[in-house]
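As structure tokens, the structure follows; a few thoughts come after it.
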Amino acid sequence: QNHVTCNGALYNRPFSESFEETPMLVAVLTYMGYGILTLFGYLRDFLREWKIEKCHVAQEREEQRDFVPLYQDFENFYTRNLYMRIRDSWNRPICSVPGAKMDLVERVSHDYNWTFEYTGKVIKDVINMGSYNYLGFAENMGYCADAAADVTMKYGIGVSSTRQEMGNLDKHEELEMLVAKFLGVEASMVFGMGFATNSMNIPALTGKGCLILSDELNHASLVLGARLSGSTIRVFKHNNMQSLEKLLRDAIVHGQPRTHRPWKKILIVVEGIYSMEGSVVRLPEVIALKKKYKAYLYLDEAHSIGALGPRGRGVLDYFGLDPEDVDVLMGTFTKSFGAAGGYIGGKKELIDYLRAQSHSAVYATSMSSPVAEQIITSMKCIMGEDGTTIGRERIQQLAENTTYFRRRLREMGFIIYGNNDSPVVPVMLYMPAKIGAFGREMLKRNIGVVVVGFPATPIIESRARFCVSAAHTKEMLDVALSAISEVGDLLQMKYSKYRALP
Amino acid sequence: MNSRGMWLTYTLGVALLHVVLLSIPFFSVPVVWTLTNVIHNAGMYVFLHAVKGTPFETPDQGKARLLTHWEQLDYGVQFTSSRKFFTISPIILYFLASFYTKYNMVHFVINTCSLLTVLIPKLPQLHGVR
Amino acid sequence: YQYLLVTALYMLEPWERTVFNSLLISVAGMAVYTGYVFM
């Protein structure tokens, strides 16, 4: 269905998302395929149980049999009977920087992917449609690399202490001031790991007696952070504002379960871009609801920071909203800055509180200096503070590449999910065999893609997830698109009913 | 269990099972219906009420590991549409089997016992009972 | 190729495909035979 939100009072631009339904026949054939694989999985387990077939997976030794089992046998059923069969499409070793093109280490398996061997050859110049490299800063040469190299010589690589002890460097403070300026907030704090930024800071923000309203497709780090906090968690349907408002109303009207005391805090947790769906959060509506019901808002911009908005400031910039409206701004430096780590931005009192209370500040070694320098240099480039327009051109280039890539895929007849402006483009595969086949066929054509299947996605929504980059030239995109079209014809993947007539 | 096409696939699967049994030359129609009913209920019992946990790792710190598929369905909420559908379907199959076996006593007893093995575990009162 | 993809045999090993195909052919053969006898 096309969710096109017209220009209501809230939106400064058309908000167009599409999630075309799975064709019924394809859904039935997908279940049938999983059914056949499950039956053969049971057959294989039976053969392994009776030692008819050699068992490759880890299992207890005979002497350990009487202890509590270490390996949950059934929990690895899918891994050993489905994933193993096609896992050559995952975790491919690369031997270059994950830029627009990359070099893959060639490997072969002689036992149906149980073990791999390197052939010693390198697959050169594979077009990289899988990495998160939205602005193309994943480079091993140029301005950023040189600056990071200089800092490495000066500061060394490791910090080996926490922010609250010896690990608080001037480089971190410089970076935090720049991030605050970039986001347009009072203060910010950076952490050495993106995942930990969520999982270690949410427990510092909420606790018992608080309510967290979380989108059903939130990232595992948000889920873990919410669980660690000990708050009550309620899940609303993905990007569905009616569902969110209903939960908010219930929470305020009924209060806490059993005692009906009012909630100490209500924290709404959403992401800017959902990287598996390619959808953009309906932020204007979320902010309107937050103001109406006096809740707090935690916005995870892991994918949208740097990739969305005319100035690359993320989903707030994209919708032209005020950063003051969001209480906690979070994001990572992995996807758009060619670095690693994450940040939290917001009011100065919030950041000072986190500096004292955050698990990461107390226990985790702080961010490595060359990484901090990479972020500083790339962020200044995006802001135009390096005196060039490279950053702005890349943001522009990414937006054009995204629109072009999505439009062409839709014209070819593929079912793609998400927002027209999202640089993450999920192309639906559906059947389990097509997951492996697509990854293999695309590599034959020198295109590196990421494929995702059940249980990381709903069982009838396996997909290939393309990440467009500003570093992709139009020629690269055209080569990739023609390969995708060719493989799409081969695998019969052009399911869309709304195929645009050429 | 309530994602798109799941109920249709289940219905087609039962129909396919019946056709496969029907195509075995030396089975009579009553025997085929009783076999369809018994095999269907055995499969439903194993997959919904015997196997515990999930065939893949879940981020819920092992909470689902001790629950059967039926108990995990819809996060344990009772009387959802999926639960109703999978409760009614063996009953319908039982009526069909009874009709086509012309209410023969032996078939009736077999079919009734088989039906109870999948109906009793579905009762809300037995949720989480071991 | 489409048959292998749609039935997910693409992911199975050759001997498993043989098992599946022989099962399928025998069931189809029986169905044809029974249908013929029945007609």
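We use all heavy atoms of the structure for the numbers below, so side chains are in, but hydrogens, waters and symmetry mates are not. Throughout, a chain's letter reflects where its sequence line sits, starting with A, and its residues are numbered from 1.
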Can you tell me which portion of A:Y34 sits under 4.5 Å from chain B's heavy atoms? Options are side chain, backbone, both or neither. neither

Look at atom NZ of A:K497 and say whether more than 12 heavy atoms of other residues, nucleotides or ligands are closer to it than 6.0 Å. yes

Measure the shortest side-chain to side-chain distance between B:E57 and A:N76 over non-hydrogen atoms and say whether it is less than 4.5 angstrom. yes

Any side-chain heavy-atom pair from B:D60 and A:R227 closer than 4.5 angstrom? yes

A:E49 atom CD, neighbour heavy-atom count above 12 within 6.0 Å: no

Please classify the contact between A:Y83 and chain B as side chain, backbone, both or neither, with a heavy-atom cut-off of under 4.5 Å. neither

The interface call for A:V223 against chain B, heavy-atom contacts under 4.5 Å, is neither

Assess the residue pair B:V51 and A:F74 against the criterion (side-chain contact (heavy atoms from CB on, under 4.5 Å)); give the C-alpha distance rounded to whole Å, side-chain angles, the decisive distance to 0.1 Å, and a yes or no. CA-CA 9 Å; B:V51 171; A:F74 187 58; 3.4 Å; yes

Taking everything shown except A:K494 itself, do over 12 heavy atoms lie less than 6.0 Å from its NZ? yes

What's the shortest heavy-atom distance between B:L12 and A:V28, and which atoms? CD1-CG1, 3.8 Å

CZ of A:R258: more than 12 outside heavy atoms within 6.0 angstrom? no

Within a 6.0 Å radius of atom OH on B:Y100, are there more than 12 heavy atoms belonging to other residues, nucleotides or ligands? no

Could you state the interatomic distance from OG1 (B:T54) to CD (A:E75), rounded to the nearest 0.5 Å? 4.5 Å

For the side chain of B:R4 and the backbone of A:E21, is there at least one donor-acceptor N/O pair under 3.5 Å apart? no

A side-chain contact here means heavy atoms from C-beta on lying under 4.5 Å apart; do B:S3 and A:Y31 qualify? yes

Pair count under 4.5 Å, heavy atoms only, with chain B: among A:A220, A:P455, A:A27, highest is A:P455

Residue part contacting chain A, namely of B:Y75, when any heavy atom lies under 4.5 Å: neither

For residues B:L8 and A:M24, report the shortest heavy-atom separation together with the two atoms involved. CD2-CG, 3.7 Å

Atom CD1 in A:I460, atom CE in B:M6: separation rounded to 0.5 Å? 8.0 Å

What part of B:L16 gets closer than 4.5 Å to chain A, counting heavy atoms only: side chain, backbone, both or neither? neither

Chain B shares the most heavy-atom pairs under 4.5 Å, among A:L82, A:L25, A:T22, A:I459, with A:T22

Residue A:L224 versus chain B: region with a heavy atom under 4.5 Å: side chain

For B:F95, does the CZ atom sit with more than 12 other heavy atoms under 6.0 Å from it, leaving out its own atoms? no

